[in-house]
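In what follows, chains are A, B, ... by sequence order, proteins preceding strands, each numbered from 1.
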There are 2 protein chains.
Amino acid sequence: MPATLRDVAERAQVSMRTVSNVVSGYAHVSERMRTRVLAAIEELDYRPNPVARTLRTGRTGMLALVVPEIDVPYFSELARDVIDAAAEVGYRVMIDQTGHDHERERQLLTGEDRTMLFDGLLFSPLVTKSELLAMHGSMRMPLILLGEHEFDGRYDHVAIDNVAAARDAVNHLIAIGRTRIAAIGSQPLEEYATPLQRSAGYETALAAAGLERRPDYVTTAAHYSRSDGYAAARALLELPTPPDAIFCFSDLLAIGAMRAVFDAGLRVPEDIAVIGIDDVEEGRFSRPTLSTISLDTPFIARESVRRIIARIEDPTLPATEIVAPHRLLVRESTRPIVGEG
Amino acid sequence: MPATLRDVAERAQVSMRTVSNVVSGYAHVSERMRTRVLAAIEELDYRPNPVARTLRTGRTGMLALVVPEIDVPYFSELARDVIDAAAEVGYRVMIDQTGHDHERERQLLTGEDRTMLFDGLLFSPLVTKSELLAMHGSMRMPLILLGEHEFDGRYDHVAIDNVAAARDAVNHLIAIGRTRIAAIGSQPLEEYATPLQRSAGYETALAAAGLERRPDYVTTAAHYSRSDGYAAARALLELPTPPDAIFCFSDLLAIGAMRAVFDAGLRVPEDIAVIGIDDVEEGRFSRPTLSTISLDTPFIARESVRRIIARIEDPTLPATEIVAPHRLLVRESTRPIVGEG
DNA sequence: TTGTAAGCGTTATCAG
DNA sequence: CTGATAACGCTTACAA
């Protein structure tokens, strides 16, 4: 049976109040009392019960990070930074994955799930914006949206400018002389914000360069996985006029796409240049190394944590939109070929 | 102000007990009462407070998974499976990373950390066994050790047979005709169980094949990262007699090692065969694809969750050792070359 | 500076 | 089957 505050108080012959003061590091405790209490704590091997404290204070000291899949490198790298950023301000992070399951997202968002032992929610959603609004309606759990750029003033957002990021990637492909630029990553059925924005950036860049937008060059990928990238690229390579460059909406798609190019007996970047988005570490060691749009994950993590904590402390705060920086990283997969072009 | 059980009881003109019964799905409630209570819940938009429930029942419904780094693919893939396995039995997972920080491990293990809102700990440790024993001593938090094979009857273990796994990997290299087999992954200073066991397996295999054990072929890697693998392989390639095969203690090390081989102008597997351990998805898309020892992560996740929950329910349970299966996966990085050897 | 006591919102005991 | 009431272990007015 673990010792309680009361046990310690009895042992030390002081009141619970004094013990509590010592434990919580309250300033005004006499040295004599403090040592006496500390001794009793030691003897009884007392540990405060965090649940009781939480019930009293209303704070769990825990944040929830909800992502589609934690084993997707972008999300695990984000999680790493979020956990670190949270730890720095005394918070722990619970991670949940929705596995592309809308129902799971809904439960979390509506608070229908009964086991919500956390103070705030960092949410990287699949759902579209309007659905989201409807869901979270009656909930008072502080919420920050990650990676959704469509800001409407109702929720805090932390995300890059997806349109600009996509445009930068495609512009780079144009700059190295590619003209038949395909895209992998638009969503098959549903209308998610991020892929729509990246598609928009892709089209903007093509239009600005006077390049034709070929519908057969725009391929879908349900899960931004390596195998989806592989399948999509394979389809592109079988077109009568295959592309000479592929812009992938994620690095994982790009990794898969590159593999498809090799399996078709072609080279990256000589035959087909490939670029992704995310800048996951895998792309820094792939062969060839992967050009990408780097998202400042530590920034995203730090700002989301800062923001969610501000909101926990003051729920009436107006919603803000934080745009995280991104930048183009040119690596081997789009390196201009010496003696070509 | 959120509605409480008491509010609902007043609204529905019943006792708190009855409301609680309805909320918790207790069997013996009359239909009339139930609908009346349900209506009140609906009207007040009542949600049970999980913290209060937890204080009363003593169960948080949360497990902690502690890993060195969540963005290491093996751990994020393990986390994925643990989260899923836990969800299946109604548990959530809090993730913490120790970042190779012994002090952080100690805090978690000793329960010194005050914010332990979880019922059990799944721990993938850096610390050696004896340190561990000393630390966890006074704690009553249920604990399962992941990936440490040295079973001593004091803690539940779930792990593969590291010695056999390493042996299998090296035997495969021997089987394809390699004789100068190097290893990457022993630890520089400290004596961790896993690398020691994998080193032992490596040496056993060499000895059984009558191959010389060359000390300069055994290189250290502090963090099992891609860059450590790169650095270690680079050093091996600069030896007067470079190896013709490298056994890496993790896939990430192997990915880095392969990159170093290419950068040196050599080929995998023609000049140097490379094999890892873990079977992370990255190795299924790398170029060449990576031979490896596959650990049954879903099995490890499932069994650890099953075991920790059993222990939560009955802390007196004797400690058990669960050995997870592993198997060799031969891919391109060790494929025998046609027309060679 | 320290003690007393009232909750925090549940669940569980004990009657009825 | 339902009602009143005592915990669960802690924090914090309010007193002293």
**Q** Please round to 10 degrees the angle between the axis of the first five pairs and the axis of the last five pairs in the helix from dT1(C)-dA16(D) to dG16(C)-dC1(D).
**A** 40°
**Q** Among all residues two or more places apart in sequence or in another chain, which pass the side-chain hydrogen bond (donor to acceptor under 3.5 Å, both in side chains) test with Arg17(B)?
**A** Asn21(B)
**Q** Nucleotide by nucleotide, 5' to 3', does protein get under 4.0 Å of the base (B), only the sugar-phosphate (S), or neither (-) in nucleotides 10-16 of chain C, counting heavy atoms?
**A** BBBBB--
**Q** Using atom types as modelled, flag every donor-acceptor pair under 3.5 Å from a side chain in residues 62-75 of chain B to any protein atom, sequence neighbours excluded.
**A**
unit_1   : atom_1 : unit_2    : atom_2 : d
Glu69(B) : OE1    : His100(B) : NE2    : 3.1
Asp71(B) : OD2    : Arg80(A)  : NH1    : 2.7

**Q** How would you label the contact of Val14(B) with the nucleic acid (heavy atoms, under 4.0 Å): base, sugar-phosphate, or nothing?
**A**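 Answer is sugar-phosphate: Val14(B) comes under 4.0 Å of backbone atoms only.
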**Q** For the residue pair Val158(B) and Ile144(B), what are the closest heavy atoms and their distance?
**A**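 Looks like CG2-CG2, 4.0 Å.
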**Q** Among all residues two or more places apart in sequence or in another chain, which pass the side-chain hydrogen bond (donor to acceptor under 3.5 Å, both in side chains) test with Thr60(B)?
**A**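 Residues passing side-chain hydrogen bond (donor to acceptor under 3.5 Å, both in side chains) with Thr60(B): Asp119(B).
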**Q** Closer than 4.0 Å, any side-chain N/O of Thr18(A) to the OP1 or OP2 of dG3(C)?
**A**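 For dG3(C), OP1 or OP2 has a side-chain N or O of Thr18(A) closer than 4.0 Å.
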**Q** Does a donor on one side chain and an acceptor on the other come within less than 3.5 Å for Thr320(A) and Arg307(A)?
**A**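 Thr320(A) vs Arg307(A): donor-acceptor pair found between side chains.
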**Q** Mapping Leu55(B) and Arg36(B) to their closest nucleotides on DNA chain D, which lands nearer the 5' end?
**A**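 Checking each residue's closest nucleotide, the 5'-ward one belongs to Arg36(B).
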**Q** Is there side-chain contact between Leu143(A) and Leu109(A), with heavy atoms separated by less than 4.5 Å?
**A** yes
**Q** Does a side-chain N-to-carboxylate-O contact under 4.0 Å join Asp96(A) and Arg92(B)?
**A**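 Salt bridge: yes.
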**Q** Rounded to whole angstrom units, what separation is found between the CD atom of Glu10(A) and the P atom of dG9(D)?
**A**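 Those two atoms, CD and P, are 13 Å apart.
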**Q** Under the side-chain hydrogen bond (donor to acceptor under 3.5 Å, both in side chains) definition, can you give me all pairs with a residue in residues 308-319 of chain B, not counting sequence neighbours?
**A**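 Listed once each, the pairs are Asp156(B)-Arg311(B), Asp314(B)-Thr316(B).
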